[in-house]
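Computed over heavy atoms, backbone and side chain alike; hydrogens, waters and symmetry mates excluded. Counting starts at 1 for both ligands and their atoms, in listed order. What you are looking at is a predicted structure, and each value in this text was computed from that prediction instead of being measured. Count residues from 1 along the sequence.
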Amino acid sequence: MNNFMRAVGVKPPGLLAESLFVAQREIPKLKENECLVKVIYSALNRADIMQRKGLYPPPPGESDILGLEAVGFVAETSSSNSKWAKKTRVMALVAGGGNAEYVSVNEKNLMKIPDWMSFRDAAAITEAWLTAFQLLYWVSSVTKQEPLRKNIQDSTFLVHAGASGVGTSLIQMLKKVLNVKTVFATVGSKEKQEFLEKNLNVTKAFNYKDKEEENFHEMINNLTNKKGVDVIFDCVGASYWQKNTECLAVDGEWIFYGTMGGVKVEGDLLGRILRKRIQLKGTTLRTRSIDYKHDLMRDFENKILNQFNNYNLNVLIDKEFDLEEIANAHKHMESNANIGKIILKVSNESDLKQEL
Ligand SMILES: NC(=O)c1ccc[n+]([C@@H]2O[C@H](COP(=O)([O-])OP(=O)(O)OC[C@H]3O[C@@H](n4cnc5c(N)ncnc54)[C@H](OP(=O)(O)O)[C@@H]3O)[C@@H](O)[C@H]2O)c1
């Protein structure tokens, strides 16, 4: 193995996707309790676009290379008694460095790819499904047994950006794992609306770009006997705050995890939160500790990953790009065209087997 690898670089200020290129970078040096993963696939996340533009820097001490996830083989371990044997097929959750031929990752933040799952499918799992799992099982209280809590199947949900990587994972867990009856979603096209209603069985997907459905909050109130929904999963933020507070039920949970519609709010937000006893909970996965991510991954493996086929869950890959096509991959994400995940092919599986 020479000391250099291919990795995505950014020419500042990174406003356009064309500022991305594939650079030669040093292969990461391992710190204590880390594994070096030879990457076969990585995947795109919205955070990559913000990082490219200089709006979302990596946490201190983390790689400045883009990419929050990667799948591949363990190529090297920092300790001789690591629980990860060389060549083990793994999914890596990282705070940076995934869009490269090699990535270093704390051994606690790896998941074994189930034997029946291909590298390609695994590429679409890590960030989207762990985020959705965290929102549903760890941040929201819907799966917790609390006195006076409604039966989960009868609770009602609204998932914004329903066709996104995270949104499609959330919807599948709600419908197929938790057997929830009423799940609404918002989307920005007719194609996405049809996909969610026909393929993911959502109760109603509202196309917010359609004049007749832009006031989805009113339609939701009509469809729920004026009660509103019990939980909103919101990655949009400012542009939806009024609609959210209008169609959220009294004592409802507003799970806030992205800011695609902005962060600045003017108006009586606090009054509405108080009057409806709304629980507003914000969260991010990237900045969580190694141990938090470790515990989340183990819980996800037990409850979801190892039951993937039993629950009839589907891996939704929208499009695959080669690492060298990184600019086109970002453009595709920025066009808001994807349904499910955009993945990046980094190396060939066959090359890798020869190398090890
Ligand atoms: N907090 C965390 O830990 C965490 C972790 C991962 C991801 N996230 C967030 O989760 C969200 C989804 O991520 P992803 O990677 O799954 O996204 P994705 O697959 O790229 O999909 C995002 C979709 O959001 C919709 N959208 C974009 N701008 C919008 C706006 N201003 N208003 C309403 N909808 C808009 C678009 O679909 P339409 O055509 O339907 O408009 C777009 O395709 C992002 O906000 C991301 O930052 C948060």
Original post:
If you count the atoms of ligand 1 from 1 in the order shown, which ones are under 4.0 Å from a heavy atom of Gly165?
Top reply: 16 (O), 19 (O)

Original post:
Hey, does the side chain of Thr88 reach the backbone of Trp84 with a donor-acceptor pair shorter than 3.5 angstrom?
Top reply: no

Original post:
Does an N or O from Gly188, backbone or side chain, lie closer than 3.5 Å to an N or O of ligand 1?
Top reply: yes

**OP:** Start with the C-alpha gap between Tyr240 and His160, add the side-chain angles, then the distance that decides, and say whether ring-ring contact (aromatic ring centres under 6.0 Å, His included) holds.
**Re:** CA-CA 9 Å; Tyr240 277 176; His160 288 312; 4.5 Å; yes

Original post:
What is the closest protein heavy atom to atom 11 (C) of ligand 1, and at what distance does it sit?
Top reply: Cys235 CB, 3.6 Å

Original post:
Side chain, backbone, both or neither: which part of Val236 has a heavy atom under 4.0 Å from ligand 1?
Top reply: side chain

**OP:** Apply side chain to side chain donor-acceptor pair (under 3.5 Å) to the pair Asn81 and Ser79, showing each step before the final yes or no.
**Re:** CA-CA 5 Å; Asn81 59 356; Ser79 85; 3.1 Å; yes

Original post:
What is the closest protein heavy atom to atom 21 (O) of ligand 1, and at what distance does it sit?
Top reply: Ser164 CB, 3.0 Å

Original post:
Under 4.5 Å between side-chain heavy atoms, hopping through other hydrophobics if needed: is there a path connecting Leu135 to Leu130?
Top reply: yes

Subject >> Sidechain-backbone polar pair: Asn338 side chain, Gly340 backbone, donor-acceptor under 3.5 Å >> reply: yes

**OP:** Please tell me if the side chains of Lys175 and Leu200 come closer than 4.5 Å, counting only heavy atoms from C-beta onward.
**Re:** no

**OP:** Note the single closest protein heavy atom to atom 3 (O) of ligand 1, along with its residue, its atom name and the distance in Å.
**Re:** Leu285 N, 2.7 Å

Subject >> Location of contacts on Thr283 toward ligand 1, heavy atoms closer than 4.0 Å >> reply: backbone

Subject >> Qualifying residue for side chain to side chain contact (heavy atoms under 4.5 Å, CB included) with Ser42, from Val71, Asn99, Val94 >> reply: Asn99

Original post:
Measuring from Asn244:CG to Ile232:CD1, what's the distance to the nearest 0.5 Å?
Top reply: 4.0 Å

Original post:
Hey, is His160 touching ligand 1 through its side chain, its backbone, both or neither, going by heavy atoms under 4.0 Å?
Top reply: neither

Subject >> Asn45 to Glu127 - nearest heavy-atom pair and separation >> reply: OD1-CG, 3.1 Å

Subject >> Neighbour count >12 (heavy atoms, 6.0 Å) for atom CD, Glu191 >> reply: no

Original post:
For atom 43 (O) of ligand 1, what is the nearest protein heavy atom, given as residue, atom name and distance?
Top reply: Lys192 NZ, 3.3 Å

Subject >> Proximity winner for atom 41 (O) of ligand 1, if only heavy atoms of Phe233, Tyr208, Tyr56, Phe256 are counted >> reply: Tyr208

**OP:** Under 4.0 Å from a heavy atom of Glu127: give me the atoms of ligand 1 that qualify, with their elements.
**Re:** 5 (C), 6 (C)

Subject >> Donor-acceptor under 3.5 Å (Lys331 side chain, Ala17 main chain) >> reply: no

Original post:
In the protein, which heavy atom is nearest to atom 7 (C) of ligand 1, and how far is it?
Top reply: Val166 CG2, 3.9 Å

**OP:** Identify, by atom number and element, the atoms of ligand 1 in contact range of Thr284, meaning under 4.0 Å from any of its heavy atoms.
**Re:** 1 (N), 2 (C), 3 (O)

Original post:
In terms of ring plane angle, is the pair His332 and Phe321 parallel, tilted or perpendicular, where the classes change at 30° and 60°?
Top reply: tilted

Original post:
Is Thr259 in polar range of ligand 1, meaning some N or O pair under 3.5 Å apart?
Top reply: no

Subject >> Region of Thr131 engaging ligand 1 - heavy atom pairs below 4.0 Å >> reply: side chain

**OP:** List the closest protein heavy-atom neighbour of atom 48 (C) of ligand 1: residue, atom name, distance to the nearest 0.1 Å.
**Re:** Tyr257 O, 3.0 Å

**OP:** Identify, for atom 31 (N) of ligand 1, the protein heavy atom at the shortest distance, and state residue, atom and that distance.
**Re:** Met260 O, 3.2 Å

**OP:** Measure Met333 to ligand 1 on non-hydrogen atoms and call it side chain, backbone, both or neither using the 4.0 Å cut-off.
**Re:** side chain

Original post:
Of the protein's non-hydrogen atoms, which lies at the shortest distance from atom 13 (O) of ligand 1, and what is that distance?
Top reply: Arg46 CG, 3.8 Å

